[in-house]
Amino acid sequence: MDDMNEYTLSEFESYTNGDYIDGANVNKAILKINDTFKDWNEVDVIVNQHARQDGFVAIKYCKELNNVDKTIVRRWVYTCWKSGINKPKKVEDITSHRDTTTVKTNCLWQASFYFGKRAASIHLTKLNNVHNHQIDLVNIELAPKNQRFSQEILDKIGLYTINGHLSARQQYDLLLKEFPQHNIKKKNLYNAIQKF
C-alpha cells in the first residue's frame, strides 16, 4: 500500500493545507496503480489535490452503479477537463456561424477506480498520466468547477440578501474581507444573489 493512502481522510486533509518545507510542498498527492482508498470522498479529495498540484482539472466522467443496489458505486472514472473533442452544431448558413475556439484537446489523462463486490476498499485500476496540452496552474482557477462558492459562502450570501437587505456591492466587499483565500468574482456573486 502507498504511504500516501495509509492516512484517514481527515489526516490527509490536515496534511494538504499548503505546508512548505525548504520551498518543497510537503503534501504531494501521488497516484499509482493499485492504491487503495476507504471511500469515494477520499478518492475525490486525492484526485482533485493531484490535479491541482499538476496544473489541470479532473472531472468525473463515468459512474457505474451496482446492478442490485443502485446506491453502491462500483466504478468511477475521472478525466482531464480538456478530454474529448468539440462537436459543433453547425448549420448550412455560414453567416450564422460564430468564430469561437474550444478548450477540448482530446487529452488522454484518465484515472479509473473500482470497488469490487467482495473488496473492502476502492482500488485505482487504471492511470493514464499523459496530457497532450500545456499544463497551466493559472488556467485551472478559471475552470467552472473552481468558480463555485462553498456552502459557507452561499449561507453568508443568503443571510446578507434575505435578512440584511444588502446590495451586491456591499456583499462583495464583506465577502472579500471574510474570505480572502477564495476567488470571488462579481458575476458569480450576482448569480448567487438571484437564487435568494
What distance do [X] atom [atom1] and [Y] atom [atom2] have between them, rounded to the nearest 0.5 Å?
X	Y	atom1	atom2	result
Tyr190	Gln171	OH	CD	10.5 Å
Phe115	His123	CZ	NE2	9.0 Å
Ile72	Lys117	CD1	NZ	10.0 Å
Leu124	Asn34	CG	CG	7.5 Å
Phe196	Asn163	CZ	CG	11.0 Å
Phe179	Lys156	CZ	NZ	6.0 Å

Cluster link [X] to [Y], ILVMFWY, side chain under 4.5 Å:
X	Y	value
Tyr61	Leu127	no
Leu159	Ile184	no
Leu174	Ile153	yes
Val57	Val130	no
Phe113	Val77	no

- [ ] Mark yes when over 12 heavy atoms from residues, nucleotides or ligands other than Lys177 sit less than 6.0 Å from its NZ; otherwise mark no.
- [x]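 Check fails, neighbour count at 12 or below.
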
Task: Check against side-chain contact (heavy atoms from CB on, under 4.5 Å), Ile122 and Trp76 - done: CA-CA 10 Å; Ile122 300 165; Trp76 215 311; over 6 Å; no

Using only atom types and a distance under 3.5 Å, with no angle test, would you say the side chain of [X] pairs donor to acceptor with the backbone of [Y]?
X	Y	value
Ser83	Cys80	yes
Asn128	Leu108	yes
Gln170	Leu166	no
Arg74	Tyr114	no
Ser112	Thr125	no
Asp44	Trp40	no
Gln53	Ala29	yes

Considering non-hydrogen atoms only, spot the tightest contact between [X] and [Y] and give its length.
X	Y	answer
Asn66	Lys70	O-CD, 3.4 Å
Phe149	Lys185	CZ-O, 4.4 Å
Val47	Ala58	CG1-CB, 3.7 Å
Ala168	Leu189	O-CD2, 3.6 Å

- [ ] Would you verify whether the NZ or CZ of Lys82 falls within 45 degrees of the ring axis of Phe56 while also being under 6.0 Å from that six-membered ring's centre?
- [x]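 Checked: cation-pi criterion not met.
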
Task: By side-chain hydrogen bond (donor to acceptor under 3.5 Å, both in side chains) - contacts of Asn188 (at least two apart) - done: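 Here the qualifying residues are Gln147.
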
TODO: Show your working on side-chain contact (heavy atoms from CB on, under 4.5 Å) between Asn191 and Lys187 and close with a plain yes or no.
DONE: CA-CA 6 Å; Asn191 290 336; Lys187 176 180 81 171; 4.2 Å; yes

Task: Heavy-atom side-chain proximity of Asp39 to Glu42 below 4.5 angstrom - done: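 Asp39 vs Glu42: side chains touch.
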
Open item on the list: Between Val43 and Tyr78, is there a side-chain heavy-atom distance shorter than 4.5 Å?
Closed with: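 Yes - at least one pair of side-chain heavy atoms lies under 4.5 Å apart.
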
- [ ] Report the hydrophobic cluster partners of Ile85, with the cluster defined as I, L, V, M, F, W, Y residues connected by side-chain heavy atoms closer than 4.5 angstrom, directly or transitively.
- [x]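 Direct or chained contacts put Ile85 with none.
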
Task: Test side-chain contact (heavy atoms from CB on, under 4.5 Å) applied to Trp109 and Asn132, Asn129, Asp54, the passing residue - done: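 Filter result, single survivor: Asn129.
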
